[in-house]
Amino acid sequence: MKKLFTEKNLFQAALYSVAVLGIASCTVNPTSPTDGGSNIAMRTQLDAVTIHSTFSGHALPPGFGSVDSLQVTSAAFAASNFMLRSDLSDDQPDPNLAEGSIRPPQFLLAFDVSGRQYIGEAIIDAYTYHRGRFDIRPLQGNPDSLSLAFGPLYNMLFRANENVPANTTIVIRGYVWQSGNQMPFTYRSAVTGNGNVYFDQPLVVTKGSPMEVLVRFPSQIAFSDGTGAILDPRDGKNGAAIEANLKGALKASVNTSGS
């Protein structure tokens, strides 16, 4: 009798094991992020090219300024929570969302003609990522502490004074040309929300293959109205259009040059 009881228990245990394995095979997603990954380092790169209005030399449409050309020499976002994400946008949820944090604390996402600027780096799970995402928020903290943390760039662009509001989140400097005359400009915004960095091609992270990713600031996207005319950053009426451009202007790709 004892033998039959033992065999019955073994049979039930076997059935239970098969059932558990069956459930697991249905619920484990084979495309989920793996435990392995690679170090992903990210830096910024300013295009620093001079963009030209396609209307240069011709009559401008009514309502447009007369800026013929524009060049950005530096740009900076008050950023935090910079991460890589597998979804396409906040409005298109990914049920298998993968994300990897590159730099959680606040920092200056800066682009400058002097060269590439460091964003951060981390071990990111092996997966396919479609975008970078970050928060645009005013910098928080004592000005002296922020100055020590971020250096001259903070003092030059973000430290509050009679010309720089404390809630500034984006600052862009450069030059515009009007009828052949070069003039400096400084564009400031207090816009808040989410910023995106879209990859030219999806970023495929594999185990044991470190990569450097370059985030680019394309002036043509930031300051174009879509018809070929340049949005004059000195004209406050263009602020809303420029802000909308900036939230999706940044692009990124893997650095294949090895430098």
Side-chain angles (χ1 to χ4, degrees), residues 41-51 67 69-82 102-121 132 134-178 181-197 214-223 230-236 238-247 249-252:
M42 303 192 72
R43 290 177 171 81
T44 65
Q45 180 170 289
L46 182 69
D47 60 16
V49 300
T50 300
I51 63 173
V67 170
S69 305
L70 178 148
Q71 181 189 33
V72 172
T73 56
S74 64
F77 296 71
S80 58
N81 298 322
F82 194 105
I102 296 293
R103 189 165 180 174
Q106 63 181 1
F107 69 105
L108 295 183
L109 180 60
F111 304 79
D112 194 79
V113 290
S114 65
R116 294 171 182 169
Q117 308 294 312
Y118 181 73
I119 297 176
E121 59 189 287
F134 60 97
D135 296 332
I136 304 173
R137 297 284 185 273
L139 296 171
Q140 301 295 315
N142 178 279
D144 291 335
S145 298
L146 293 173
S147 179
L148 287 173
F150 303 136
L153 192 61
Y154 164 77
N155 292 327
M156 181 176 66
L157 300 179
F158 286 92
R159 188 159 187 152
N161 56 47
E162 64 274 11
N163 297 315
V164 183
N167 63 344
T168 298
T169 55
I170 302 174
V171 182
I172 303 172
R173 287 186 169 184
Y175 298 96
V176 293
W177 282 263
Q178 186 176 25
N181 297 315
Q182 183 189 54
M183 293 161 284
F185 77 84
T186 299
Y187 170 86
R188 292 187 179 89
S189 173
V191 66
T192 60
N194 298 325
N196 289 289
V197 179
L214 297 179
V215 177
R216 308 187 310 276
F217 183 94
S219 303
Q220 186 70 52
I221 297 175
F223 291 101
I230 294 174
L231 294 167
D232 188 343
R234 303 168 303 168
D235 188 342
N238 292 326
I242 294 172
E243 287 176 356
N245 287 349
L246 289 173
K247 286 193 173 183
L250 304 182
K251 306 297 179 184

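These numbers were taken from a predicted model, which means no experiment stands behind them. Only heavy atoms go into these numbers, but all of them, side chains included; no hydrogens, no water, no symmetry mates.
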(Q) Which residue in the set Ile221, Val215, Asn196 passes side chain to side chain contact (heavy atoms under 4.5 Å, CB included) when paired with Leu250? (A) Val215

(Q) Tell me which one of Leu153, Val171, Leu157, Ile119 satisfies side chain to side chain contact (heavy atoms under 4.5 Å, CB included) with Leu108. (A) Leu153

Q.
Are there over 12 heavy-atom neighbours, none belonging to Tyr175, within less than 6.0 Å of that residue's OH?
A. no

Q. In Å and rounded to the nearest 0.5 Å, what is the CZ to CG distance from Phe158 to Asn167?
A. 11.0 Å

Q: Any chance you could lay out the side-chain contact (heavy atoms from CB on, under 4.5 Å) test for Glu243 and Ile170, step after step, and finish with the verdict?
A: CA-CA 9 Å; Glu243 287 176 356; Ile170 302 174; 6.0 Å; no

(Q) Under a 3.5 Å distance rule, please check whether Ser147 uses its side chain to pair with a backbone N or O of Asn155 as donor and acceptor. (A) no

Q) Once you round to the nearest 0.5 Å, how far does CG of Leu246 lie from CZ of Phe217? A) 5.5 Å

Q | Minimal non-hydrogen separation, Lys247 against Gly193, with atom names | A | NZ-CA, 4.2 Å

Q) Got a second to check how far Thr73's OG1 is from Phe185's CZ, nearest 0.5 Å? A) 7.0 Å

Q) Does some side-chain heavy atom of Asp112 sit less than 4.5 Å from a side-chain heavy atom of Leu46? A) no

Q: Might you point out which heavy atoms bring Thr192 and Pro138 nearest each other, and give the distance in Å?
A: CG2-CD, 3.9 Å

(Q) Looking at every heavy atom in both Ala48 and Gln71, which two are closest together, and how far apart are they? (A) O-NE2, 3.0 Å

Q | Where Leu146 and Gly141 come nearest, the two heavy atoms and their spacing | A | CD1-O, 3.7 Å

Q) Does the side chain of Arg216 pick up a donor-acceptor pair with the side chain of Gln45 at under 3.5 Å? A) no

Q) From Arg188 CZ over to Arg173 CZ, what is the distance, rounded to the nearest 0.5 angstrom? A) 6.0 Å

Q) Could you walk me through whether Asp135 and Asn194 pass the side-chain contact (heavy atoms from CB on, under 4.5 Å) check? A) CA-CA 5 Å; Asp135 296 332; Asn194 298 325; 3.3 Å; yes

Q. So, the side chain of Gln106 versus the backbone of Gln140: is there a donor-acceptor pair under 3.5 Å, distance only?
A. yes

Q.
Classify the ring geometry of Phe134 against Phe82: parallel below 30°, tilted from 30° to 60°, perpendicular beyond 60°.
A. parallel

Q) Between Arg159 and Tyr154, is a side-chain contact (heavy atoms from CB on, under 4.5 Å) present by the stated rule, with each step listed? A) CA-CA 6 Å; Arg159 188 159 187 152; Tyr154 164 77; 3.9 Å; yes

Q) Are any side-chain N or O atoms of Asp47 and backbone N or O atoms of Ser219, one a donor and one an acceptor, separated by less than 3.5 Å? A) yes

**Q.** Rounded distance (nearest 0.5 Å) linking atom CD1 of Ile51 with atom CD1 of Ile230
**A.** 4.5 Å

**Q.** Minimum heavy-atom distance Asn181-Met183, with the two atoms named
**A.** O-CE, 3.6 Å

Q.
Which heavy atom of Pro233 sits nearest to which heavy atom of Phe223, and what is that distance?
A. CB-CE2, 3.7 Å

(Q) In the structure I gave you, are the side-chain heavy atoms of Lys251 and Leu214 within less than 4.5 Å of one another anywhere? (A) no

**Q.** From CZ (Arg103) to OG (Ser80), nearest 0.5 Å
**A.** 11.0 Å

